[in-house]
Undergrad: 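One structure, pasted below without further comment.
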Amino acid sequence: MSAAPVLALRDVVFRRNGQEILHGVDLTVRAGERWALLGPNGAGKSTILGFCGAQTHPTSGTVDVLGHRLGRVELQELRRGIGHVNPRHPVRSAITAREVVLTGLTGTIELPLRWSPGPEQLARADALLADVGLEARREAAWPTMSQGERGRALIARALAAEPRLLLLDEPTTGLDVAAREQFLETLDALARAEPDLTTILVTHHLEELPETTTHAVVIARGSVVAAGPVGAVVTTGTISRAFEHPIEVVHAEGRWSARARRTAPGSPTARGSGPATGSGSSNGRIGVNG
Ligand SMILES: Nc1ncnc2c1ncn2[C@@H]1O[C@H](COP(=O)(O)OP(=O)(O)OP(=O)(O)O)[C@@H](O)[C@H]1O
């Protein structure tokens, strides 16, 4: 028997300012699955992530998160079961890595006045920092931490509240290649340590998919192009269709990469100008939306 859905979108339509942004999206995510949410700029990924995080209501259709229907449940309560890793996390002060993790318990950006952690909470924060490889950096102040360290601290912060669903919104943005690989290793280690945790990672770049990704949904122009097991979805055909550009997808040694065929401006193979053949052009190794 398959696990209970952690997330279920049924015929979700979303309109803003007279514009239809999502046109009837269906998606089912079950416990322990690790999804990638892929698609070009403006496809609707952030909008869908807003439903997953119980931040947005659909215009029509239904969204069930952690067994609760949006519109019938207190959102603050529901959000406690959802961890969110956002590289634009707006820390303004010089709080330490350990304090950043503790804000995952308080659900705040800074530590609240008149709140101090108990010994168990401190021990948990330190254990989480060790899990993400930041044991030696727990007293480091946020402004002195590298982007990679911040990203890993934010994973520890999100895990502090013991979420059932973890959302990762372009978490490797701004990381150099070594820091990105360390970050992906942290996600792979997390997947092995917490097999029941469900994750949804948004990215434009196939190189940013952790090896432990199990499923993918590809969005384009507000509709689902394909959704299901990652091997069936992240293919040359699906990715080329979604990005309206000929893109060769390679899966080797557990990781994915994309090679986009270059098109001259105004050529018949340029994006959005009809079916792409790529004849007579050269290959450039770039991110999917390069
Ligand atoms: N509040 C809003 N009002 C009007 N249009 C919006 C609003 N929010 C999003 N949109 C539009 O909806 C479309 C989908 O936006 P969304 O941010 O979900 O895409 P995305 O796939 O996350 O894009 P990106 O990869 O560039 O972040 C875009 O065309 C965007 O301009």
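Order of appearance sets the numbers: ligands from 1, and atoms from 1 within every ligand. Just the heavy atoms: all of them, side chains too, but no hydrogens, waters or symmetry mates, feed the values below. Since this is a predicted model, take the numbers as computed values, not measurements.
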Undergrad: Nearest 0.5 Å, what's the CG-CD1 distance between L206 and I247?
TA: 8.0 Å

Undergrad: Would you compute the distance between atom OG1 of T236 and atom CZ of R241 and round it to the nearest 0.5 angstrom?
TA: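 Going from the OG1 atom of T236 to the CZ atom of R241 covers 12.0 Å.
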
Undergrad: With distance as the sole criterion, is a donor-acceptor pair present between the side chains of H204 and N41 under 3.5 Å?
TA: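 Present: a donor and an acceptor within the cut-off.
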
Undergrad: For ligand 1, which atoms sit closer than 4.0 Å to a heavy atom of P40?
TA: 21 (O)

Undergrad: Answer yes or no: is there a side-chain heavy-atom contact under 4.5 Å between L7 and T28?
TA: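 Sidechains of T28 and L7: no contact.
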
Undergrad: So, does G50 sit close enough to ligand 1 that a heavy atom of it is under 4.0 Å from the ligand?
TA: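 Flag not set, G50 not near ligand 1.
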
Undergrad: Below a 4.0 angstrom heavy-atom separation, can you tell me which part of I21, side chain or backbone, both or neither, approaches ligand 1?
TA: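 Side chain only.
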
Undergrad: A43 versus ligand 1: do any nitrogen or oxygen atoms come within less than 3.5 Å of each other?
TA: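 Between A43 and ligand 1, an N or O pair is found under 3.5 Å apart.
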
Undergrad: Between E139 and T96, is any side-chain donor less than 3.5 angstrom from a side-chain acceptor?
TA: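 Their side chains do not contain a donor-acceptor pair, so the 3.5 Å distance test is not met.
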
Undergrad: Within 4.0 Å of atom 30 (C) of ligand 1 (strictly less), any protein heavy atom?
TA: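 Looking at atom 30 (C) of ligand 1, one finds that no protein heavy atom lies closer than 4.0 Å.
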
Undergrad: Could you list the atoms of ligand 1 found under 4.0 angstrom from a heavy atom of S46?
TA: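 Going through ligand 1 atom by atom, the ones under 4.0 Å from S46 are 17 (O), 18 (O), 20 (P), 22 (O), 27 (O).
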
Undergrad: Between CG of L187 and CG of L168, what distance do you get to the nearest 0.5 Å?
TA: 5.5 Å

Undergrad: Counting from 1, what ligand 1 atoms have a heavy atom of R16 closer than 4.0 Å?
TA: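 Close to R16: 1 (N), 2 (C), 3 (N), 4 (C).
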
Undergrad: Measure the distance from atom 18 (O) of ligand 1 to every protein heavy atom, then report the residue, atom name and distance (to 0.1 Å) of the closest one.
TA: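 Looking at atom 18 (O) of ligand 1, the protein heavy atom closest to it is T47 OG1, 2.5 Å.
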
Undergrad: Any idea which atoms of ligand 1 are less than 4.0 Å away from a heavy-atom of K45?
TA: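 Heavy-atom distances to K45 below 4.0 Å select 18 (O), 19 (O), 20 (P), 21 (O), 22 (O), 23 (O), 24 (P), 25 (O).
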
Undergrad: Looking only at side-chain N and O atoms, does E208 offer a donor or acceptor that is under 3.5 Å from a partner on T172?
TA: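 The criterion, which ignores hydrogens and geometry beyond distance, is satisfied for E208 and T172.
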
Undergrad: Looking only at protein heavy atoms, which one is nearest to atom 28 (C) of ligand 1, and how far off is it?
TA: G42 O, 3.7 Å

Undergrad: Record the part of N17 in heavy-atom contact with ligand 1 below 4.0 Å; permitted values are side chain, backbone, both and neither.
TA: side chain

Undergrad: As an exercise, state the distance from CG of L159 to CZ of R157, rounded to the nearest 0.5 Å.
TA: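 That separation rounds to 11.0 Å.
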
Undergrad: With the threshold set at under 4.0 angstrom, would you say G44 reaches ligand 1 through any of its heavy atoms?
TA: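 Checking ligand 1 against G44, which is what was asked, there is a heavy-atom contact under 4.0 Å.
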
Undergrad: I need the nearest protein heavy-atom contact for atom 26 (O) of ligand 1: residue, atom name and distance, please.
TA: N41 ND2, 3.0 Å

Undergrad: Please report the interatomic distance CD1(I95) to OG1(T103), rounded to the nearest 0.5 Å.
TA: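 If we round to the nearest 0.5 Å, I95:CD1 and T103:OG1 are 5.5 Å apart.
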
